Protein chains: 2
Amino acid sequence: MPAPTKRPSYHHGDLTTALVREGVAMARDGGPGAVVLREATRRAGVSPNAAYRHFADRDQLLGAVRVEAEQALAQAMQAEVEAVEAGTRGSPAELAAARLRATGAGYLRFARSEPGLFRTVFAEGAHRTAPGAVAPSESVASAPLRVLSTVVAEGTAAGLLPPIQDGDVDVVAWSAVHGLASLILDGPLGGLPDDATDRVANLLLAVVVTGLAHLPR
Amino acid sequence: MPAPTKRPSYHHGDLTTALVREGVAMARDGGPGAVVLREATRRAGVSPNAAYRHFADRDQLLGAVRVEAEQALAQAMQAEVEAVEAGTRGSPAELAAARLRATGAGYLRFARSEPGLFRTVFAEGAHRTAPGAVAPSESVASAPLRVLSTVVAEGTAAGLLPPIQDGDVDVVAWSAVHGLASLILDGPLGGLPDDATDRVANLLLAVVVTGLAHLPR
DNA sequence: AGATGATGTTCACAGTGTCCACATGACATC
DNA sequence: GATGTCATGTGGACACTGTGAACATCATCT
């Protein structure tokens, strides 16, 4: 009988979460492509095929990892937004603007400090709706989108942002900041230094906010 | 002796370009991940290792494919820009605005009609400067950026866009449109229908242009 | 206690990138 | 024209991946 050198019991206990945890670690340094099933099981001290009792295939594991990464992103945004509260100065509109900027800044900070996880969130195919899942029209909006939506709603209430088609402001703001992050990570904006990033990001946000405010109506 | 059923000569003639061509075909349907070295050699009717006489490794082949994809993107943008000329109506500023919109529209059209190639352009690591290459500060700006820059310069000359820090307008505009394309292809904006895409894209561009014009100075 | 279903293991296979040694052929030099 | 040299293509091998099928172990319910 092979001595149970590692695990006391034959069963792992909670392989699912263990695999996801390892997967996140691998995604953290290496991006979505580095999430390799066999390596995850190895780190969990388990045979390769054990993973298949918990995930249909590698893609499903990656999907689970993606969810974690997405939540981490949302958390980074939220944290940056809440940090604004401290210096509570200026009009409601000014505060809303500051929080909107913070949302973008948090997004970009996360992209730069956790490029692997950020790339994982937007890994090709990762967003494909699982065939068995319910059609996620808007019901299960992603966590990052919820953070943004909240801030945008405040901005609208404060009169900072125009009350146009619901959700459009979110998409515009998100696109702008996401595009910058993408171009920095995997585009020709390569290793832009941090201060340049912040400078451009601020310009970008200023342009978006001003543009939204002065929209021809 | 194995009859030379296929090639008349033992040598291929131009394996390098053949491999790139096949690589592009694979990237076209399947994205960067679908560019697999062995399959490329197979399609070229050559043994797997023949590729190594022309490319150091798979990444280098992918890099060559990426360059092709990038040029295709630039071409799509250019074509859309030139299509504007036809209806030459309105002031220079209006024309410049139309061309700017066209640039963005071309970008998005390409992303949606050639998602595989588009993803390949921004494949992870693909933009890493080849170790042997010259430092590409600005000298070898990518083809898409050159197209955009030209249009932006015209817009600046026409008074549509403000004469701020050189290149910043380009980055802002590029980020906005690229972000939208990314979110549609690999983000939660999933399979947004074409008309919705155009609607949002136009809003996005309107916001950017208006924002730039009304920038606090 | 015994059956049963969940969880891990083993064995196996196809497919990938890449290394090394060898074969082939184009071309320059005597 | 024979000969040597170098670029190009081949064959075999290895480590690695995802994944399927059959078997082993264990927790739990009756």
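The structure displayed is predicted, hence computed values, not measured ones. Below, chains carry the letters A, B, ... as their sequence lines are ordered, and counting in each starts from 1.
- Here the P atom of nucleotide dA27(D) and the CG atom of L15(A) are 15 Å apart, to the nearest Å.
- Within residues 48-56 of chain B, the residues having any heavy atom closer than 4.0 Å to DNA chain C are, in order of number, N49(B), Y52(B), R53(B).
- At the phosphate of dT17(D), OP1 or OP2 sits under 4.0 Å from a side-chain N or O atom of R42(A).
- Between the CG atom of D14(A) and the P atom of dA27(D) there is a distance of 16 Å, rounded to whole Å.
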The test is side-chain hydrogen bond (donor to acceptor under 3.5 Å, both in side chains); show your working for Q71(B) and Q75(B) and say whether it passes. CA-CA 6 Å; Q71(B) 284 177 349; Q75(B) 230 169 299; over 6 Å; no
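- The interatomic distance linking R38(A) (CZ) with dA14(C) (P) rounds to 15 Å, in whole Å.
- To the nearest angstrom, C1' of dA14(C) lies 17 Å from CG of D57(A).
- For E154(A), the CD atom sits in a packed shell: over 12 heavy atoms of surrounding residues, nucleotides or ligands are nearer than 6.0 Å.
- The base of dG17(C) does not come close enough to the side chain of R58(B) for any donor and acceptor atom to sit less than 3.5 Å apart.
- In this view, N49(B) satisfies the side-chain hydrogen bond (donor to acceptor under 3.5 Å, both in side chains) rule with no residue, not counting sequence neighbours.
- Here the options are L185(A), L108(A), D186(A), the test is side chain to side chain contact (heavy atoms under 4.5 Å, CB included), and the partner is F118(A); only L185(A) passes.
- For Q60(A) (side chain) and A56(A) (main-chain N/O), a donor-acceptor pair under 3.5 Å exists by modelled atom type.
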